[in-house]
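Below: the structure, in structure tokens.
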Amino acid sequence: MHFDFCVAFTTDFYAQVVKGLRLSCGAFSFIIFYIFDSCYNVPMIYLVSGPDWFRAKQYIDKLIREYEAKQCRVVSVSTDDENWLETVLQYAKQDSLFSEQNCVVLSIEAQKKDDSEDQDEEELQSAKDKKQNLQAIIKAFSHANQELVIWNRGRKMALAGKGAKTQEKEFSHLRGEKLFSWIQEYAKSCGTSISKLCSQDICLADGDDTALLAHEIQKCALCFPNEKITKERLASVSSYSPEFTYFNWLQGVFENNWKTKAITLEFDDGEAAQRLAGLINAVRIVLVSRSQPCAERAVFMKNVNPYWLRNLEQWSANISEQTLEQWFASLVQYDMWALSHRISKQEALERFVFSI
């Protein structure tokens with residue numbers, strides 16, 4: 001009886017669609033075409049994996065932008081979240097044709113050990129349970145009117161129950177010509193360009209880590225806008241340059257995590273003086289960037305490197321303007337004491353860092 005009803009409904013539905021095709025372009029015709037299009041816009045399940053997490057993230061970000069452009073709500077869930085399984089499955093239950101369209105992006109955090117022979121019994125059981133849960137999720141979403149993206153930050157998982165609406169994408173590390181081509185394409189997306197020879201040079205310095213390569217390209221594009229990336233320009237903003245080491249230290253101070261980042265506070269007199277002056281200048285830049293637009297502000301900000309400004313604004317995002325003003329006053333006071341030889345530059349630096 002149930003089967004006869006389904007056949008009758010399906011036959012009647014397509015008869016109405018065909019009938020709708022013959023109607024004039026009135027309201028009823030529009031409704032028929034809308035239902036027809038909705039039924040054929042089949043929600044997909046994407047399984048994304050592989051060790052190259054940066055390219056995988058690029059791919060997922062592109063999917064998210066496409067979903068958002070279709071007014072589809074994107075929900076991010078991680079296996080590190082409490083009750084992540086229940087959270088994901090509740091969206092699979094929203095399978096009505098008129099339910100709100102959602103795209104669930106489930107991130108599976110990479111295991112510390114990928115090889116089963118290196119895992120203890122508890123880790124093996126946890127991996128087995130997670131695999132079974134993922135298979136249950138895929139099965140649930142295969143019958144749901146919702147989108148699903150599973151991002152496994154590690155090796156590709158052999159999962160059962162994958163159907164026609166499932167697409168798999170694995171991102172392995174790029175090598176040779178493929179990596180050089182990716183670098184050139186990524187540079188183009190950043191509004192700049194890089195030669196194949198220079199792409200080879202950057203790979204010799206930074207290897208095949210696309211996240212690190214992208215970071216170096218972004219810095220070069222920001223520091224030298226509308227200029228082609230060269231070996232010399234890359235070297236000037238390289239993560240191994242003294243400038244980058246200094247800003248890594250500065251970030252640790254601004255975010256007040258210099259202890260966990262194992263950043264030193266011990267310098268000789270000349271280096272301590274430079275770090276103190278750099279801190280004063282950095283705080284001043286952030287304060288001016290937050291001030292009201294005026295001619296003096298425009299002149300000052302024109303001489304600030306856009307890459308460093310963006311980083312300073314990011315590092316100080318959680319610091320109030322009042323706190324920054326207190327920082328600036330303390331730094332100037334410690335600097336004046338150092339100039340009058342009441343304390344050394346090194347002591348001035350330590351007093352400030354330990355006081356925040």
Side-chain angles (χ1 to χ4, degrees), residues 1-14 16-17 33-50 53 55-111 125-172:
M1 181 66 182
H2 177 71
F3 176 79
D4 292 340
F5 171 78
C6 290
V7 171
F9 175 81
T10 306
T11 305
D12 182 65
F13 174 77
Y14 283 107
Q16 290 299 321
V17 171
F33 279 116
Y34 176 80
I35 295 175
F36 185 80
D37 179 69
S38 298
C39 289
Y40 273 84
N41 186 18
V42 181
M44 298 298 297
I45 298 174
Y46 296 91
L47 304 181
V48 184
S49 62
W53 71 267
R55 288 195 303 126
K57 186 176 184 303
Q58 277 187 303
Y59 177 74
I60 291 172
D61 288 344
K62 180 174 178 289
L63 288 176
I64 289 174
R65 288 193 297 271
E66 291 173 356
Y67 287 133
E68 289 177 337
K70 298 175 184 176
Q71 306 301 313
C72 181
R73 188 166 68 104
V74 177
V75 182
S76 298
V77 183
S78 169
T79 52
D80 281 351
D81 298 340
E82 189 176 0
N83 302 322
W84 64 270
L85 180 60
E86 292 80 359
T87 301
V88 174
L89 288 176
Q90 76 176 3
Y91 288 100
K93 296 176 183 177
Q94 300 177 17
D95 56 358
S96 168
L97 183 64
F98 301 101
S99 297
E100 181 183 17
Q101 191 72 28
N102 297 294
C103 171
V104 179
V105 180
L106 173 62
S107 298
I108 307 171
E109 301 306 321
Q111 295 177 324
Q125 184 60 46
S126 175
K128 184 179 179 181
D129 292 343
K130 186 176 291 185
K131 183 176 179 179
Q132 290 175 344
N133 290 335
L134 292 174
Q135 289 178 166
I137 289 171
I138 292 172
K139 183 178 179 180
F141 272 83
S142 65
H143 304 292
N145 188 37
Q146 305 293 332
E147 308 277 353
L148 174 67
V149 179
I150 296 180
W151 180 15
N152 183 25
R153 298 170 182 253
R155 291 183 180 179
K156 181 179 178 180
M157 297 180 71
L159 298 172
K162 294 176 289 188
K165 62 184 288 186
T166 303
Q167 288 190 16
E168 294 187 80
K169 193 81 173 176
E170 185 175 12
F171 291 90
S172 302

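Here the CD-CD distance, from Gln146 to Gln90, works out to 10.5 Å after rounding to the nearest 0.5 Å. How far CD of Gln132 is from CG of Leu85: 11.0 Å, rounded to the nearest 0.5 Å. Expressed to the nearest 0.5 Å, how far CD1 of Ile108 lies from CG of Leu134 amounts to 4.0 Å. Rounding to the nearest 0.5 Å gives a distance of 10.0 Å between OG1 of Thr87 and CG of Leu106.
Using a 4.5 Å cut-off on side-chain heavy atoms (C-beta onward), Asn152 and Leu47 make no contact. Side-chain atoms of Ile137 and Val104, non-hydrogen and from C-beta on, never get closer than 4.5 Å to each other. A heavy-atom distance below 4.5 Å is found between the side chains of Phe141 and Val88.
The backbone N or O of Met44 sits less than 3.5 Å from a side-chain atom of Glu147, completing a donor-acceptor pair. The backbone N or O of Gly50 lies less than 3.5 Å from no partner atom in the side chain of Glu170, so there is not a single donor-acceptor pair.
Nearest heavy-atom pair, Trp84 versus Thr79, reported as atom, atom and distance to 0.1 Å: CD1-O, 3.4 Å. Minimum interatomic distance between Cys103 and Cys72 (heavy atoms only, all atoms of both residues): N-SG, 3.6 Å. For Ala140 against Leu89, the heavy-atom pair with the smallest separation is CB-CD2, 3.9 Å. Between Val48 and Phe171, the closest heavy-atom pair is CG1-CE1, 3.8 Å. Closest approach of Ile138 and Ile45 over heavy atoms only: O-CD1, 3.7 Å.
In this structure, the side-chain contact (heavy atoms from CB on, under 4.5 Å) partners of Asp80, at least two apart in sequence or on a different chain, are Ser78, Glu109. Take Trp53 and apply the side-chain contact (heavy atoms from CB on, under 4.5 Å) test, not counting sequence neighbours, and it matches Lys57, Trp151, Ala211. The side-chain hydrogen bond (donor to acceptor under 3.5 Å, both in side chains) check on Asp129 picks up Gln125, with sequence neighbours excluded. When the side-chain hydrogen bond (donor to acceptor under 3.5 Å, both in side chains) test is applied to Tyr46, no partner is found at least two apart in sequence or on another chain. Taking Glu66 as the reference, Lys62 meet the side-chain hydrogen bond (donor to acceptor under 3.5 Å, both in side chains) condition, with sequence neighbours excluded. Remark: Glu68 pairs with Ile64, Val74 by the side-chain contact (heavy atoms from CB on, under 4.5 Å) rule, at least two apart or across chains.
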